[in-house]
Asks: 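I am attaching a structure below and will ask some questions about it afterwards.
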Amino acid sequence: MVTVASCFAQILALIDRADFARAIRQHAAERAAKGFGCWDHCVAMLFCQMGSAHSLREICGGLATALGKLVHLGVRRTPTRSTLAYANAHRLWNLYETLFYQVLARCQTVTSREAAPVLIQAPAADAGYHHHRAVCRGV
């Protein structure tokens, strides 16, 4: 059992793979895919966002260094730049819109539960620290 998970793993855990597979079938998104599936593309794009990658080279290089950690997520190999560029240009955006709304609905159900107020220290303009009360909602 994993007791500590990276931010990347926590975000991917919000995606229900069964719902994602259903969305793939609904949009026929893997109709012409040859080895680089929608899940691999999704992981690559999330990796790009989380790592603030600015080029295909950065995305592919970063995924190549983390491949051992991504294998358990279903990513079998890192994409080449040309494969990723082709997928970005030709993959249907409707699939990822559906995924967004699935994750949004899941997050809204998680955050609808009340949590106890948390005391947060925030820097003030006078370089001192004042205590502010904030309500933290979530898990």
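Values reported hereafter were calculated over all heavy atoms of this structure, with side chains retained and with hydrogens, waters and symmetry mates removed.
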Asks: In this structure, which one of Asp40, Thr78, Val75 forms a side chain to side chain contact (heavy atoms under 4.5 Å, CB included) with Leu63?
Replies: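 One option only clears the test, and that one is Thr78.
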Asks: Which pair of non-hydrogen atoms, one from Leu14 and one from Cys107, has the smallest distance, and what is that distance?
Replies: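 Scanning both residues, the minimum pair turns out to be CD1-SG, 3.9 Å.
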Asks: Please report the shortest heavy-atom distance between Ala44 and Ile59, naming the atom on each side.
Replies: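 Scanning both residues completely, I find the closest heavy atoms to be O-CG2, 3.9 Å.
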Asks: For a side chain to side chain contact (heavy atoms under 4.5 Å, CB included) check, start with the C-alpha distance between Thr80 and Cys60, then their side-chain angles and the critical distance, and finish with the verdict.
Replies: CA-CA 6 Å; Thr80 60; Cys60 295; 5.8 Å; no
Asks: Between Thr98 and Arg22, does a side chain to side chain contact (heavy atoms under 4.5 Å, CB included) hold up when you go through it step by step?
Replies: CA-CA 10 Å; Thr98 302; Arg22 211 171 0 268; over 6 Å; no
Asks: For the CZ atom on Arg106, are there more than 12 heavy atoms of other groups (residues, nucleotides or ligands in this structure) within a distance under 6.0 Å?
Replies: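 Buried by this count: over 12 neighbours within 6.0 Å.
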Asks: What is the ring orientation for Phe20 with Tyr96, classed by angle as parallel under 30°, tilted 30 to 60°, or perpendicular over 60°?
Replies: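 Plane angle between 30° and 60°, so tilted.
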Asks: Looking only at heavy atoms, which two atoms of Pro79 and Phe36 are closest? And how far apart?
Replies: CB-CE1, 3.5 Å
Asks: Keeping His54 on the side-chain end and Ser52 on the backbone end, is there a donor-acceptor pair under 3.5 Å?
Replies: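 Yes.
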Asks: What heavy-atom pair brings Cys7 and Met50 nearest, and what distance separates the two atoms?
Replies: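 Closest approach of Cys7 to Met50: CB-CE, 3.8 Å.
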Asks: To the nearest 0.5 angstrom, please state how far the CZ atom of Arg77 sits from the OG1 atom of Thr83.
Replies: 8.5 Å
Asks: Find out whether Arg76 and Val71 are in side-chain contact, i.e. whether some heavy atom of one side chain is under 4.5 Å from a heavy atom of the other.
Replies: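 A side-chain contact is absent here, since even the closest heavy-atom pair is not under 4.5 Å.
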Asks: Test side chain to side chain contact (heavy atoms under 4.5 Å, CB included) on Leu56 and Asn88 and set out the steps.
Replies: CA-CA 10 Å; Leu56 294 174; Asn88 286 340; 4.0 Å; yes
Asks: Which heavy atom of Trp39 sits nearest to which heavy atom of Glu30, and what is that distance?
Replies: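 Trp39 and Glu30 have their closest heavy atoms at N-OE2, 4.3 Å.
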Asks: Please check if atom CD in Glu97 has more than 12 non-hydrogen atoms from other residues, nucleotides or ligands closer than 6.0 Å.
Replies: yes
Asks: Indicate if Ile11 and Leu95 have the same hydrophobic cluster label, given that clusters are the connected sets of ILVMFWY residues with side-chain heavy-atom separations under 4.5 angstrom.
Replies: yes
Asks: Side chains of Met45 and Leu84: closer than 4.5 Å at any heavy-atom pair?
Replies: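 The answer is yes, as the side chains (C-beta and beyond) meet within the 4.5 Å cut-off.
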Asks: Compare all side-chain heavy atoms of Phe8 with those of Val43 and state whether any distance is below 4.5 angstrom.
Replies: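 Yes, close enough: below the 4.5 Å cut-off.
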Asks: For the CD1 atom of Ile15 and the CG atom of Leu46, what is their distance to the nearest 0.5 Å?
Replies: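 CG of Leu46 is found 5.5 Å from CD1 of Ile15.
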Asks: Just verifying a value: how many Å separate Asn94 CG and Leu99 CG, rounded to the nearest 0.5 Å?
Replies: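 With rounding to 0.5 Å, CG (Asn94) is 12.5 Å from CG (Leu99).
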Asks: For the side chain of His41 and the backbone of Gly37, is there at least one donor-acceptor N/O pair under 3.5 Å apart?
Replies: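 Not at all, since once roles are kept as given, no pair shorter than 3.5 Å links the two residues.
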